[in-house]
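In this text, all values refer to a predicted model and were calculated from it rather than measured experimentally.
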Amino acid sequence: SLIFFAFCLFWRIIDRSPLWEYSLDVIGSLKDNLYLSALRGKGVKIMKYQLIVDSCCELTQELKDEHGVISVPLKITIDGKEYIDDENIDMEEFLNALAAVKELPKSACPSPGEYAETFTANDADWVFVVTLSSKLSGSYNSAVQAAEIVAEEGKKVHVFDSKSASAAQLLIAMKLIELIQSGLSA
């Protein structure tokens with residue numbers, strides 16, 4: 001309709017205004033929500049994305065909360081006790097166990113089942129996964145197997161082999177967040 005077209009044109013003009021660039025984030029959020037609401041009201045499907053990383057990614061809790069990123073934990077076994085690398089790990093106990101280790105610690109990547117459960121736990125149209133390097137861990141292979149399992153149910157998943165770890169893995173995740181927020185579609 002003509003009103004919808006005028007509304008979209010209005011937002012495009014405001015987007016190009018230098019003053020708009022300096023507006024508060026709150027105004028930007030309101031604009032985005034109004035624009036998306038108008039699109040949804042016209043039957044336009046807005047793609048929903050979910051970003052998932054393994055716990056090797058140095059993603060802070062603040063970044064997880066702000067961007068809705070989900071972390072699938074790796075596991076570490078020290079002298080028979082398993083530690084799950086998530087927000088509930090008792091870091092003091094873990095470090096003490098590591099300092100007093102009697103046999104070499106073992107690590108385990110998330111299973112395909114754990115990944116598949118995480119992929120299907122949301123209503124995202126697309127799931128993007130950034131894993132620890134396939135040369136260092138089985139995390140990538142588990143995520144790929146899980147993606148194949150959920151693809152049979154119609155879930156769209158793309159798994160990125162970071163070919164790195166830790167902070168470099170975080171940089172890839174942050175770039176994906178930037179691309180998602182810029183509105184690039186699948």
Side-chain angles (χ1 to χ4, degrees), residues 45-181 184-186:
K45 184 171 179 3
I46 306 301
M47 298 292 279
K48 293 180 189 172
Y49 300 93
Q50 178 66 60
L51 179 58
I52 297 173
V53 298
D54 62 34
S55 62
C56 186
C57 183
E58 291 295 324
L59 201 61
T60 64
Q61 190 61 45
E62 180 182 344
L63 287 171
K64 287 180 194 176
D65 294 342
E66 184 177 338
H67 300 291
V69 180
I70 298 172
S71 180
V72 182
L74 285 90
K75 297 167 195 77
I76 303 160
T77 303
I78 301 174
D79 292 333
K81 180 167 183 186
E82 183 177 75
Y83 294 88
I84 299 173
D85 187 17
D86 64 9
E87 63 277 352
N88 298 318
I89 191 169
D90 182 339
M91 194 53 74
E92 185 176 345
E93 178 187 337
F94 172 76
L95 292 173
N96 287 336
L98 197 56
V101 68
K102 294 179 181 115
E103 58 186 68
L104 287 176
K106 296 176 182 138
S107 64
C109 66
S111 70
E114 289 169 313
Y115 271 120
E117 185 178 309
T118 305
F119 297 168
T120 57
N122 60 71
D123 63 347
D125 298 301
W126 272 96
V127 176
F128 297 114
V129 187
V130 181
T131 68
L132 179 60
S133 172
S134 62
K135 303 286 186 197
L136 300 173
S137 169
S139 188
Y140 172 78
N141 289 331
S142 286
V144 168
Q145 288 175 11
E148 291 168 358
I149 292 167
V150 300
E152 294 171 6
E153 302 165 15
K155 194 70 161 179
K156 297 176 199 157
V157 178
H158 184 84
V159 182
F160 293 88
D161 180 351
S162 71
K163 299 184 189 260
S164 62
S166 192
Q169 194 177 348
L170 174 62
L171 291 174
I172 295 167
M174 294 303 295
K175 185 62 177 180
L176 282 170
I177 289 169
E178 178 186 321
L179 291 170
I180 290 167
Q181 289 179 336
L184 296 180
S185 61

Checklist entry - Is there a side chain to side chain contact (heavy atoms under 4.5 Å, CB included) between Leu170 and Leu59 once you walk through the steps? => result CA-CA 6 Å; Leu170 174 62; Leu59 201 61; 3.4 Å; yes
Item to check | Nearest-0.5 Å distance, CG of residue Leu51 to CD1 of residue Ile70 | outcome: 9.0 Å
Checklist entry - Is there a side-chain contact between Val69 and Ile52, using heavy atoms and a 4.5 Å cut-off? => result no
Item to check | side chain to side chain contact (heavy atoms under 4.5 Å, CB included) evaluation trace for Glu82 with Ile76 | outcome: CA-CA 6 Å; Glu82 183 177 75; Ile76 303 160; over 6 Å; no
Checklist entry - For Asp79 and Ala100, which heavy atoms make the closest approach, and how far apart are they? => result OD2-O, 3.9 Å
Checklist entry - Is any side-chain heavy atom of Ile89 less than 4.5 Å from a side-chain heavy atom of Ile84? => result no
Next on the checklist: Strictly by salt bridge (Lys or Arg N to Asp or Glu O under 4.0 Å), give each pair with a member in residues 54-65 just once, sequence neighbours left out.
Outcome noted: none
Checklist entry - When rounded to the nearest 0.5 angstrom, what distance separates CG in Leu104 from OG1 in Thr77? => result 12.5 Å
Next on the checklist: Using 0.5 Å steps for rounding, measure from the CG atom of Asp125 to the CD atom of Gln50.
Outcome noted: 11.5 Å
Next on the checklist: If the condition is ring pair (Phe, Tyr, Trp, His ring centres under 6.0 Å), which residues does Tyr115 pass it with, not counting sequence neighbours?
Outcome noted: Phe119
Checklist entry - Sequence neighbours excluded, which residues qualify as side chain to side chain donor-acceptor pair (under 3.5 Å) partners of Asp90? => result none
Item to check | Glu87, CD: over 12 other non-hydrogen atoms inside 6.0 angstrom | outcome: yes
Checklist entry - According to the ring-ring contact (aromatic ring centres under 6.0 Å, His included) rule, which pairs have a member within residues 66-90, sequence neighbours left out? => result Tyr83-Phe94
Item to check | side chain to side chain contact (heavy atoms under 4.5 Å, CB included) involving Ser55 - partner list, sequence neighbours excluded | outcome: Ser71, Pro73, Leu74, Asp85
Next on the checklist: Under the salt bridge (Lys or Arg N to Asp or Glu O under 4.0 Å) definition, can you give me all pairs with a residue in residues 165-180, not counting sequence neighbours?
Outcome noted: Lys175-Glu178
Next on the checklist: Please list all pairs meeting salt bridge (Lys or Arg N to Asp or Glu O under 4.0 Å) that have one or both residues in residues 146-156, counting only residues at least two apart or in different chains.
Outcome noted: none
Checklist outcome for this item: In short, Pro112 meets Gln145 closest at the heavy-atom pair CG-OE1, 3.0 Å
Item to check | Residues that Ser142 engages under side chain to side chain donor-acceptor pair (under 3.5 Å), provided they are two or more places apart | outcome: none
Checklist entry - What residues, two or more places apart in sequence or in another chain, satisfy side chain to side chain donor-acceptor pair (under 3.5 Å) together with Thr118? => result none
Next on the checklist: Applying side chain to side chain contact (heavy atoms under 4.5 Å, CB included) to Ile177 and Met174, what does each step give before you reach the verdict?
Outcome noted: CA-CA 5 Å; Ile177 289 169; Met174 294 303 295; 4.0 Å; yes
Checklist entry - With a 4.5 Å limit on heavy-atom distance, are the side chains of Lys81 and Glu93 in contact? => result yes
Can you list, pair by pair, the side-chain donor-acceptor contacts under 3.5 Å of residues 129-137, counting residues two or more places apart and other chains?
from: Thr131; atom 1: OG1; to: Phe160; atom 2: O; distance (Å): 3.4
from: Ser133; atom 1: OG; to: Lys135; atom 2: N; distance (Å): 3.1
from: Ser134; atom 1: OG; to: Asp161; atom 2: OD2; distance (Å): 2.5
from: Ser137; atom 1: OG; to: Ser139; atom 2: N; distance (Å): 3.0

Item to check | Derivation of the side chain to side chain contact (heavy atoms under 4.5 Å, CB included) call for Val157 and Phe128 | outcome: CA-CA 6 Å; Val157 178; Phe128 297 114; over 6 Å; no
Checklist entry - Can you list every salt bridge (Lys or Arg N to Asp or Glu O under 4.0 Å) pair that touches residues 96-116, not counting sequence neighbours? => result Lys75-Glu114
Item to check | Any residue meeting side chain to side chain contact (heavy atoms under 4.5 Å, CB included) with Ile149, in chain and number order, not counting sequence neighbours | outcome: none
Item to check | Sidechain-backbone polar pair: Thr60 side chain, Leu63 backbone, donor-acceptor under 3.5 Å | outcome: yes
